[in-house]
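To keep things clear, I will list the structure first and then write my remarks on it.
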Amino acid sequence: MATEAHTSSAQKLTFMTMTAMVVGSMVGAGVFSLPRRFAQETGVAGALIAWLIAGTGMLMLAFVFQTLAMRKPDLDAGVYAYAKAGFGEYLGFFSAFGYWASACVGNVTYWVLIMSTVGAVAPALGEGDTVLALVLSTMGVWTFYFLIRRGVQEAAMLNRIVTVAKVVPIIVFIFLALFALDPQVFADNWGGGDYGSLFDQVTGTMLVTVFVFLGVEGASVYSRHAQRREDIGRATVLGFLGVLAIFASVTIVSYGVLPYQEIADLRQPSMAGVLDEAVGQWGTVFVSVGLIVSVLGAYLAWTLMSAEVLFVAAKDEDMPRFLRAANAADVPTSALLMTTVLIQVVLVVTMFSEDAFNFALDLTSALSLIPFLLAAGYALKLAWTRDTYDVDPNGWARELVVGALATLYTAFLLYAAGPKFILLSFIIYAPASVLFVMARREQGRRLFSPVELVILSASVVGAIAGVVALATDAISI
């Protein structure tokens, strides 16, 4: 009896740990920006539909990564390994590069948020888009570079700690906003009068939902912690639904505090402005402190993760050999430097954008779509061809449906991103092929197969079109 009780306790502990890990990976600093971004695009009705679509689609993606981790346990080199296994080395390379670039651009949003937060008391920082904000952000970026280079191996533990710093202010915000909710204001915000069609409202919010759910792919990694296989699915579902409830609640309760026009004009982090209206100045301070603590911890963890993506890809010979370099502290130095340089470049670019935070957020989401689409497509391909299902036929129909829904959802996200961010993504993706050429030359292999030449040509044409569109002001940042 004692042994059974101990086993049951261990299983409960493992399940709770897995669920907490899923929650921690997805609760990012982007949640602090949700009220303003949604109010700029949609009313309450559109927000509810958007969260329903995003929640369903992202849950399908979570199931995809869970399925791939179980069906292809040998593919442990990260998200890009699925693209490589399913669609060839070149698309696998693009997936690795896109996932890395997405993480780097996402880190830029952290600095913009920090500077915008401090800018509430130091106007010279603006909304994170002034020269002083750029200088201070640059100092922060390179301080973290030298800190990590010396050997910071506690990022995972630190990220679990700062998850508390993120979640507590968010939960407090939801309860206080509910207490201050004005039914008449909420009713006036239901449809909104200036947004356009409901379909446009929903598509306008899709990229921000992708941004806040980045980390859903991490759920598959936690399968190794499960003592029982069924715990994997339960942890994924419960953890994901918990995060979805938090994100949707932050968005919806805000519509009951202020008219949507006023929410849309708040500075970031907009949660602080909403709470200031609900409870006074201390609400702004409370949210701001929680944001800064959580952002600094998340920045450290995601910078390490970004460098690791390049390092692992180089070890698998999908990136040039120089990216395999590591120092005595086991830090991938070349990959870390390349990561920091891209963060710095994008920081400078945001200074020329109309809205630095929204630009970096949308570009982060757009860059992540190719890796997600290829992973979903690979899961669909496995089920369609019944690869691995001859050994374990259980779940074939369910996984076929999940793969199809996840693929359709990510394809819809590409449509929602629109030509602007697709072209901007091409501008980043196309030059990356130089790294692919370097890797092939080091291996003494043919540079491109006929199919790969077609993909290269398409990416170059897209990049040229993007540059022309920027030069002629057909699109702007």
Side-chain angles (χ1 to χ4, degrees), residues 29-55 109 112-113 116-117 119-121 123 126-129 169-209 211-212 244-288 290-291 353-359 361-362 416:
V31 67
F32 291 88
S33 69
L34 286 176
R36 169 177 152 177
R37 180 57 188 270
F38 266 79
Q40 291 174 337
E41 301 288 351
T42 183
V44 178
L48 289 170
I49 295 172
W51 281 120
L52 178 63
I53 294 173
T109 65
V112 175
L113 263 182
S116 180
T117 301
V121 294
E127 292 197 34
D129 55 359
I170 295 168
I171 299 299
V172 172
F173 168 85
I174 292 170
F175 279 105
L176 291 176
L178 277 172
F179 182 77
L181 189 143
D182 185 332
Q184 185 57 53
V185 172
F186 187 81
D188 291 342
N189 285 334
W190 180 260
D194 307 322
Y195 292 121
S197 71
L198 193 59
F199 180 78
D200 290 338
Q201 294 178 45
V202 171
T203 55
T205 59
M206 282 296 101
L207 286 183
V208 71
T209 60
F211 181 81
V212 296
L244 174 61
I246 290 172
F247 291 166
S249 297
V250 166
T251 306
I252 301 304
V253 298
S254 299
Y255 285 111
V257 178
L258 286 168
Y260 71 88
Q261 299 97 328
E262 294 184 31
I263 300 175
D265 290 335
L266 291 172
R267 69 181 300 114
Q268 294 291 17
S270 51
M271 266 179 57
V274 173
L275 200 56
D276 181 81
E277 175 68 20
V279 301
Q281 184 64 33
W282 75 266
T284 299
V285 175
F286 181 68
V287 169
S288 298
L291 178 139
S353 65
E354 297 173 359
D355 186 327
F357 180 77
N358 278 342
F359 167 71
L361 182 154
D362 288 338

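Keep in mind that what you see is a predicted model, and the values were worked out from it rather than measured. Numbers here are sequence positions counted from 1.
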Open item on the list: Between D188 and Q184, is there a side-chain donor-acceptor contact under 3.5 Å, judged purely by atom types and distance?
Closed with: yes
TODO: Could you tell me whether the side chain of F247 reaches within less than 4.5 Å of the side chain of T209, counting heavy atoms only?
DONE: no
Task: Candidate pair I252 and F38, rule side-chain contact (heavy atoms from CB on, under 4.5 Å), full reasoning - done: CA-CA 9 Å; I252 301 304; F38 266 79; over 6 Å; no
Open item on the list: Considering only residues two or more places apart or on different chains, which pairs with a residue in residues 248-257 satisfy side-chain hydrogen bond (donor to acceptor under 3.5 Å, both in side chains)?
Closed with: W51-T251
Open item on the list: Strictly distance-based, threshold 3.5 Å: is any side-chain N or O of S270 a donor or acceptor partner for the main-chain N or O of R267?
Closed with: no
- [ ] Would you name the heavy atoms of V253 and L181 that are closest together and state the gap between them?
- [x] O-CD1, 4.3 Å
Task: Non-hydrogen atoms of T205 and V202 that approach each other most closely - done: OG1-O, 2.8 Å
Open item on the list: Rounded at 0.5 Å granularity, tell me how far CG in L176 sits from CD1 in I171.
Closed with: 11.5 Å
TODO: Drop me the distance from F175's CZ to L178's CG, to the nearest 0.5 angstrom.
DONE: 7.5 Å
Open item on the list: Quick test of your reading: applying salt bridge (charged side-chain N to carboxylate O under 4.0 Å, His left out), list the pairs with at least one residue in residues 30-44, sequence neighbours left out, ordered by first then second residue.
Closed with: R36-E127, R36-D355, R37-E41, R37-D362
TODO: With sequence neighbours excluded, tell me which residues meet side-chain hydrogen bond (donor to acceptor under 3.5 Å, both in side chains) with T42.
DONE: Q201
Open item on the list: When you compare the side chain of P35 with that of L266, does any pair of heavy atoms fall below 4.5 Å?
Closed with: no
Task: Shortest non-hydrogen contact between S33 and L361, atoms and distance - done: OG-CD1, 4.3 Å
Open item on the list: Looking at every non-hydrogen atom in both residues, tell me the closest pair between L113 and T117 and how far apart they are.
Closed with: O-OG1, 2.7 Å
Open item on the list: Can you give me the closest heavy-atom contact between M206 and I53, atom names plus distance?
Closed with: SD-CG2, 4.3 Å
Task: Main-chain N/O of L258 paired with N189 side-chain donor or acceptor, under 3.5 Å - done: yes
Open item on the list: Restricting to non-hydrogen atoms, name the atom on I174 and the atom on I246 that form the minimum distance, rounded to 0.1 Å.
Closed with: CD1-O, 3.9 Å
